[in-house]
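Values in this document were obtained by computation on a predicted structure and should not be read as measured data. Each chain gets a letter, A, B and so on, in the order its sequence line appears, and its residues count up from 1.
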Amino acid sequence: MSIFIDRDTKLVVQGITGRDGSFHTKQMMEYGTQVVAGVTPGKGGQTFEGTVPVFNTVADAVNATGANTSVIYVPPMFAADAIMEAADAGVSLIVAITEGVPVLDMTRAWPFVKEKGARLIGPNCPGLISPGQSKVGIIPGRICTPGPVGVVSRSGTLTYEIVYQLTRAGLGQTTCVGIGGDPINGTSFIDCLVAFEADPDTKVVCMMGEIGGTDEQDAARFVKERMKKPVVGFIAGQTAPPGRRMGHAGAIISGSSGTAAEKIAAFEAAGIAVAKRPVEFVDLVKERM
Amino acid sequence: MNIHEYQAKEILRALGVPIPPGEVTGTDAEAQAIASRIGKTVVVKAQVHAGGRGKAGGVKLAKDAAEARDKARAILGMQIKGLTVEKVLVTEAADIASEAYVGIIMDRASRKPVFMVSPAGGIDIEEVAAKTPEKILKVPVDTRYGLQPYQAMRLGFFLYDDLAKARAASKIMQQLYTAFIQSGCSLAEINPLVVTPKGEVIAVDAKMVIDDNELDRRPAVAALRDVSAEAPSEVEARNASLTFIKLDGNVGCCVNGAGLAMATMDLVKYYGGEPANFLDIGGSSSPEKVIAALRIITADPSVKAILFNIFGGITRTDDVANGIVAATKQNPLKVPIVIRLTGTNEEIAMKILTENGFSASSDMDEAVRRAVELATGGKAA
């Protein structure tokens with residue numbers, strides 16, 4: 001089992017003919033993801049790599065192919081519109097990879113997606129992968145392997161670092177989800193924890209947070225009150241100065257809130273095993289298997 | 001992106017917010033001329049991107065034009081939290097009967113902009129929130145509908161019992177909300193919102209922070225950027241499409257990805273070093289970006305060792321290796337470098353580095369420890 005995506009995921013790629021979209025679509029196809037359609041306005045009727053039909057709109061793509069999941073690689077100024085288009089077309093999972101989406105756009109797109117009953121992951125995220133089944137986004141497939149660990153993170157390369165260590169230690173993953181580094185994102189840590197708790201194959205969850213906001217503190221409360229499965233955590237940004245945006249738009253300590261110390265304390269109070277260094281993940285996970 | 005008080009006030013004034021007259025200048029002579037045009041007691045205010053300007057001595061009253069010149073002379077060139085004051089705002093001093101706080105922040109939890117108002121104004125709103133939360137009213141706004149008149153009136157009545165003042169305040173709320181949306185803000189604040197002895201409601205200080213992601217589609221707002229108010233290294237980094245933040249440590253860090261960059265800095269600290277910077281070279285990093293990154297890191301004299309930590313996903317590690325080789329041919333390094341590379345095209349990258357006399361590791365923990373040892377000249381903690 002896995003969460004959010006599996007073998008039956010039928011993917012439509014928004015922005016399939018763009019530089020990033022075409023590159024990563026090929027990677028997803030090589031990994032075995034069912035890419036059933038692409039969308040680029042004005043290129044409807046073409047095919048991508050000779051096999052994937054391209055449509056002008058997501059609605060056309062869904063009607064023709066039955067796509068149930070969308071991944072978005074369109075430029076930042078068009079990303080919120082692409083998210084709403086996917087939700088309106090009836091796609092149930094929308095994964096927005098695009099970085100640099102204006103936050104005000106997300107204040108309109110997010111409630112729209114909710115009202116349509118869809119799930120949004122991202123924006124500004126690496127997407128997700130259920131090893132051996134399906135990958136939606138940009139997480140390198142070769143660093144993952146199937147197994148019992150659930151992974152959720154706000155980061156991209158930090159996630160790869162830790163997943164790669166797990167894989168090399170023989171600790172495979174059910175699903176790895178990158179929820180993204182923006183202040184407003186579609187799926188929270190808690191949403192992923194709920195799904196991992198319900199997934200019979202996930203035995204341990206790894207959660208990588210960072211400075212900014214209170215999503216980790218909320219997640220810690222959820223772990224303490226609702227979760228039976230063990231959680232191993234990590235927080236990046238202990239050396240980050242307050243008031244500066246550390247690369248991710250959401251990684252900023254505002255005033256005195258959102259610090260790494262406060263999040264680590266919340267994790268520890270909730271019984272989450274906190275890795276002080278990325279290299280400690282493997283042992284902490286093994287101890288809890 | 002931060003903008004200055006005088007710029008925020010110009011935006012708000014153009015939308016109709018009552019603000020005492022004032023002008024900005026970089027010289028004491030002009031400060032005197034502005035004060036004499038205003039013809040009343042003025043305030044001379046340092047224009048820097050730092051809080052606590054008053055406490056630092058960057059805000060002074062002046063009774064007449066000559067005094068305004070003297071105060072401006074004292075403030076211009078002053079250092080506030082490491083930033084040099086290049087400009088002062090000379091503005092009419094307001095008579096104050098009461099002060100309130102009005103702000104809009106982008107709230108992550110509710111995923112909406114949230115108004116925060118408090119009759120306890122003129123002071124740190126975080127402190128008010130922590131000690132007397134009942135003195136703050138928060139009203140989230142659904143941006144699809146905008147700030148509704150009833151919401152603005154509710155905010156106005158929370159500040160003032162008097163209908164005329166509540167109405168005046170609610171009008172200012174609407175104007176502030178318009179500014180927030182039009183300029184693409186993540187924060188917009190009037191602190192304090194003042195009631196004068198005559199009963200007028202006016203904005204005496206203003207602050208706006210722009211969402212960096214808005215700048216591409218708002219050139220007029222992007223043009224408000226004051227590069228003289230930023231560290232030169234950060235300006236150079238931005239021009240090279242790098243995310244760079246200068247810190248005070250001894251290990252220069254060059255990493256791909258923000259989360260991994262932060263984790264690398266933390267690990268430097270864990271082993272007893274101090275990171276000299278945050279630097280994210282991004283996903284699709286070309287050799288040119290690496291060259292720019294090395295130029296910026298090596299320009300900092302406190303850097304005693306350089307650490308590369310690259311996990312190649314989209315980033316091709318051979319691009320990074322080529323960049324390191326090209327950059328060090330142009331400018332030979334004066335400090336040691338520790339390179340950690342793994343992922344996409346790792347074998348090619350390792351070959352390029354070895355052929356050019358560099359060694360590289362594929363282990364993050366080991367590389368960071370080594371960099372700290374080289375920077376501190378001893379054993380890592």
Side-chain angles (χ1 to χ4, degrees), chain A residues 20 23-24 76-77 99-108 110-112 126 138-140 143 153-161 164 181-184 208 210-215 218 234 236-241 243-251 254-257 260 276-279, chain B residues 51 105-109 111-113 124-126 130 141-144 180-181 184-187 211-214 216-217 243 245 247 249 255-270 274-275 278 280 282-284 309-315 342-344 363-365 368:
Chain A
D20 293 339
F23 176 79
H24 290 292
M77 298 308 152
E99 177 176 5
V101 182
V103 181
L104 276 172
D105 288 5
M106 288 309 301
T107 65
R108 289 183 279 270
W110 188 80
F112 185 91
I138 65 176
I139 297 176
I143 64 169
S153 170
R154 268 167 74 182
S155 166
T157 47
L158 175 60
T159 315
Y160 309 166
E161 181 78 48
Y164 190 43
D182 273 3
I184 294 184
M208 284 84 92
E210 63 191 29
I211 55 163
T214 55
D215 205 18
D218 298 341
F234 180 80
Q238 295 176 59
T239 48
R244 302 300 307 267
R245 171 170 137 161
M246 304 300 282
H248 291 155
S254 317
S256 58
S257 105
K276 291 187 179 62
R277 296 176 291 156
V279 73
Chain B
I105 55 155
M106 186 57 81
D107 180 57
R108 305 159 72 128
R111 296 175 163 96
K112 291 182 175 78
D124 186 3
I125 193 66
E126 263 203 65
V141 181
D142 188 327
T143 55
R144 296 176 299 172
F180 185 92
I181 299 293
C185 291
S186 51
L187 177 141
D211 174 7
D212 289 5
N213 294 349
E214 293 277 359
D216 280 349
R217 65 179 177 189
T243 313
I245 293 169
L247 300 168
V255 187
N256 68 322
L260 188 61
M262 282 188 275
T264 304
M265 292 160 59
D266 294 350
L267 200 53
V268 166
K269 175 99 176 173
Y270 177 90
E274 288 289 340
F278 168 94
D280 174 10
S284 44
N309 185 14
I310 307 296
F311 197 108
I314 318 174
T315 306
T342 193
T344 311
D363 186 286
M364 169 171 169
D365 208 74
V368 173

A.B. asks: Give, as side chain, backbone, both or neither, the part of A/Gln238 having an atom under 4.5 angstrom from any heavy atom of chain B.
C.D. replies: both
A.B. asks: At a heavy-atom separation under 4.5 Å, does A/Ile139 approach chain B through its side chain, its backbone, both, or neither?
C.D. replies: neither
A.B. asks: Which is it for B/Asn256 and A/Thr157 under the side chain to side chain donor-acceptor pair (under 3.5 Å) test, yes or no, and what are the steps along the way?
C.D. replies: CA-CA 7 Å; B/Asn256 68 322; A/Thr157 47; 4.7 Å; no
A.B. asks: Identify which part of A/Leu104 has an atom lying under 4.5 Å from any heavy atom of chain B, answering side chain, backbone, both or neither.
C.D. replies: both
A.B. asks: Please classify the contact between A/Ser153 and chain B as side chain, backbone, both or neither, with a heavy-atom cut-off of under 4.5 Å.
C.D. replies: neither
A.B. asks: Among A/Ile211, A/Leu158, A/Thr239, whose side chain to side chain contact (heavy atoms under 4.5 Å, CB included) with B/Met262 holds?
C.D. replies: A/Ile211
A.B. asks: Give, as side chain, backbone, both or neither, the part of A/Arg154 having an atom under 4.5 angstrom from any heavy atom of chain B.
C.D. replies: side chain
A.B. asks: With a 4.5 angstrom heavy-atom cut-off, could you sort out which part of A/Pro278 is near chain B: side chain, backbone, both or neither?
C.D. replies: side chain
A.B. asks: Taking atom CD of A/Glu99 as the centre, report whether more than 12 heavy atoms of other residues, nucleotides or ligands fall under 6.0 Å from it.
C.D. replies: no
A.B. asks: Go through the atoms of A/Thr107 and report whether side chain, backbone, both or neither lie under 4.5 Å from a heavy atom of chain B.
C.D. replies: both
A.B. asks: Taking side chain as everything from C-beta outward and backbone as N, CA, C, O, which of these in A/Pro111 sits under 4.5 Å from a heavy atom of chain B? Side chain, backbone, both or neither.
C.D. replies: both
A.B. asks: Less than 4.5 Å to any heavy atom of chain A: does that hold for the side chain of B/Ile181, its backbone, both, or neither?
C.D. replies: both
A.B. asks: Need one label for B/Met106: side chain, backbone, both or neither, based on atoms under 4.5 Å from any heavy atom in chain A.
C.D. replies: side chain
A.B. asks: Could you tell me which portion of B/Ser186 (side chain, backbone, both or neither) has an atom closer than 4.5 angstrom to a non-hydrogen atom of chain A?
C.D. replies: neither
A.B. asks: Tell me, for B/Asp365 versus chain A, whether the close heavy atoms (under 4.5 Å) come from the side chain, the backbone, both or neither.
C.D. replies: side chain
